[in-house]
K.L.:
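Could you have a look at this structure, given as structure tokens, before my questions?
The chain is numbered in sequence order, starting from 1. It should be emphasised that the depicted structure is a prediction, and the values quoted were computed from it without experimental measurement.
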Amino acid sequence: IMIEQNDGAIQKAKAKINSTYDRSVKLNRITTEQKNKTMDMFSATTNFLQLKDRDLIIEAVFENMDVKKEVFVKLNQICSQDCILASNTSYLNVNEIASVVDNPSRVIGLHFFSPANIMKLLEVVVAEKTSKDTVSTAFNLAKKMRKVPVRSGVCDGFIGNRILSKYLVGTYHMVEDGASPFHVDKVIRDFGCAMGIFQVIDLAGGDIGWATRKRKAPFRHKDDRYVQIPDRVCERGWFGQKTSKGYYLYGENVDFLTPNPEIEIICEQERKRAGITPKKFDDKEILDKYIAAMVYEGTKILSEQIALKPSDIDVVFTNGYGFPKWRGGPMKYADMIGLDKILKNIKKDELSKKIKEAKKRKEQEEKDKPEHFGGGENIDILGYQTKHYDICRSAVILYNKLKEKSNDESKELIVSSAKQLDHLFEMEKQVVNGEKVDHDPVEHAIELTNIISFQLGRVAEMINDDFERDTNFIKLHVMEIVKRS
């Protein structure tokens, strides 16, 4: 039985399921009789109460913690205390999901891989309070469904997607540095993988990774290198096979592995925006980075006991991510070619990152140097036009951070602060140019500084966030002006 939000969603789901089974019949994976028998056992409703006598329920709503917890609260109220409640989450914390259930020992993660009717892998995510009976039942279910189960602990992305996210970051860096996504995919396929990295994204759906990146955005370190190419792709609604367009094109009359020609245009635009001069990558360099990133994160997962043994990681990647089985999996492959070579590649990659980070910090320090007064084109701060963006860059950053979170009162305080800064900078300009001013510049500057500090501090309190670094940086700029005045 399937629960959906409304009748329209049910009809859409049934049509999708029918078309999926029709395709399986067409490809001789199942017979028409098998399809009909399966569909006869299937039913759908919008009534949650229909679940009250179920033994096991798998939640599969989209990747949003609040929505998932809301579903589990309902299930906790309706279902028996013996019913196993599973989440099909790809990344989220199963412990947090379990916290809203009276008996968390019956909560477990069952991460099916897309498309679930084809992919064999099933990550069984064991939360802190999951009982042995629940784990045993999950593995028995996997056996009945002819899946390949792998036990995982709780972390962001579990085994597979955690490693995937790490080598994706490295791949995005390569692409922004000049590599073609299609060249990267070809190297991975030539290595023996069933699919390239960007093919996998198209298969799973680019929107899943996009949702994860947005979820993590508030916690991203300011010095982390963040490549926006995949965001530009998703912003256009190109999520891969489900939308007939992603990094590749899909459709009845479209040849297999037809590149989306607009992807290279996006890459060129983003390199230009980031100020990167593209370089060429050879096949060996691409493959070395791919393997090193996987093995490096794999060793961390083992040390944290998210995976209990290296072969668990190998099973995940040979059954869920297209890693060539004849190579044994990423951890086995690392043993075969020599851990010393893998370590050398990891260190080389880490050194390259540190050099780039140091260069980025130096460039930012140059930008952040205090200047006398601004100039150039106007910049908009919540509707207020100011030219003094050069003097107080962090003030502009603060304003931009607050745009989505602030209310009307805090916006008024922000604009007022911008006006006070403008007044202060104009006064400084007059002093520097030897013009007569109506007030004692030092006394007036200190007064304005106190007003600005109070207003920005009040804004930070109102939105319940910590912008101490930003406001202190603004104060430093203002005090420089006070000293010069």
K.L.:
Is it true that Asp312 and Lys309 have a side-chain N and a carboxylate O under 4.0 angstrom from each other?
P.N.:
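The answer is yes: the pair qualifies as a salt bridge.
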
K.L.:
Can we say Glu4 and Lys12 salt-bridge, meaning some charged N sits less than 4.0 Å from an Asp/Glu carboxylate O?
P.N.:
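No salt bridge links Glu4 with Lys12.
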
K.L.:
Here's a test for you: under side chain to side chain contact (heavy atoms under 4.5 Å, CB included), which of Ile291, Thr318, Ile313 qualifies with Pro330?
P.N.:
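Among Ile291, Thr318, Ile313, the one meeting side chain to side chain contact (heavy atoms under 4.5 Å, CB included) with Pro330 is Ile313.
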
K.L.:
Are the charged groups of Lys284 and Asp288 less than 4.0 angstrom apart, N to O?
P.N.:
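Salt bridge between Lys284 and Asp288, a charged N being under 4.0 Å from a carboxylate O: yes.
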
K.L.:
Under 4.0 Å between a Lys/Arg side-chain N and an Asp/Glu carboxylate O for Glu270 and Arg273?
P.N.:
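A salt bridge links Glu270 with Arg273.
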
K.L.:
Are a donor atom and an acceptor atom from the side chains of Arg106 and Asn76 found within less than 3.5 Å of each other?
P.N.:
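Arg106 vs Asn76: donor-acceptor pair found between side chains.
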
K.L.:
For the side chain of Ser24 and the backbone of Thr20, is there at least one donor-acceptor N/O pair under 3.5 Å apart?
P.N.:
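Such a contact is found between Ser24 side chain and Thr20 backbone.
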
K.L.:
Report yes if the distance between the aromatic ring centroids of Phe323 and Phe317 is under 6.0 Å, otherwise no.
P.N.:
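No, they do not, as the ring centres are separated by 6.0 Å or more.
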
K.L.:
Taking ring-ring contact (aromatic ring centres under 6.0 Å, His included) as the definition, give me every residue that meets it alongside Phe182, ordered by chain and number, with sequence neighbours left out.
P.N.:
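Phe182 satisfies ring-ring contact (aromatic ring centres under 6.0 Å, His included) with Tyr248 only.
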
K.L.:
Which of these passes salt bridge (charged side-chain N to carboxylate O under 4.0 Å, His left out) with Asp156: Arg213, Arg162, Lys216, Lys166?
P.N.:
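Testing Asp156 for a salt bridge (charged side-chain N to carboxylate O under 4.0 Å, His left out) against Arg213, Arg162, Lys216, Lys166 leaves exactly one candidate, Lys216.
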
K.L.:
Would you confirm whether Thr258, through its side chain, and Val254, through its main-chain N or O, come within 3.5 Å as a donor-acceptor pair?
P.N.:
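Not at all, since once roles are kept as given, no pair shorter than 3.5 Å links the two residues.
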
K.L.:
Is there a donor in the side chain of Glu63 and an acceptor in the side chain of Thr89, or the other way round, less than 3.5 Å apart?
P.N.:
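Yes, a side-chain donor-acceptor pair sits under 3.5 Å.
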
K.L.:
Can you confirm if the NZ or CZ of Lys74 lies within 45° of the ring axis of Phe48 and under 6.0 Å from the centre of its six-membered ring?
P.N.:
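Yes, a cation-pi geometry holds between Lys74 and Phe48.
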
K.L.:
Salt bridge check: are Glu123 and Lys147 linked by an N-O gap of less than 4.0 Å?
P.N.:
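Salt bridge between Glu123 and Lys147, a charged N being under 4.0 Å from a carboxylate O: no.
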
K.L.:
Report yes or no: is the cationic atom of Lys68 (NZ for Lys, CZ for Arg) closer than 6.0 Å to the six-membered ring centre of Phe72, at no more than 45° off its axis?
P.N.:
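Geometry flag: not set, cation outside 6.0 Å or 45°.
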
K.L.:
May I ask you to say whether Asp177 pairs ionically with Arg225, meaning some side-chain N is under 4.0 Å from a carboxylate O?
P.N.:
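Answer for the salt bridge query: yes.
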
K.L.:
Taking the six-membered ring for Trp and the full ring for Phe, Tyr or His, determine whether the centres of Phe191 and Tyr333 are under 6.0 Å apart.
P.N.:
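Yes, the ring of Phe191 comes within the 6.0 Å limit of the ring of Tyr333, centre to centre.
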
K.L.:
Hey, can you tell me if Phe113 and Tyr321 have their rings parallel, tilted or perpendicular (30° and 60° cut-offs)?
P.N.:
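Plane angle over 60°, so perpendicular.
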
K.L.:
With a 6.0 Å cut-off (strictly less than), is the heavy-atom count around CD of Gln5, excluding the residue itself, greater than 12?
P.N.:
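Counting other residues, nucleotides and ligands, CD of Gln5 stays at 12 neighbours or fewer.
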
K.L.:
May I ask you to say whether Asp202 pairs ionically with Lys242, meaning some side-chain N is under 4.0 Å from a carboxylate O?
P.N.:
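No, this pair does not count.
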
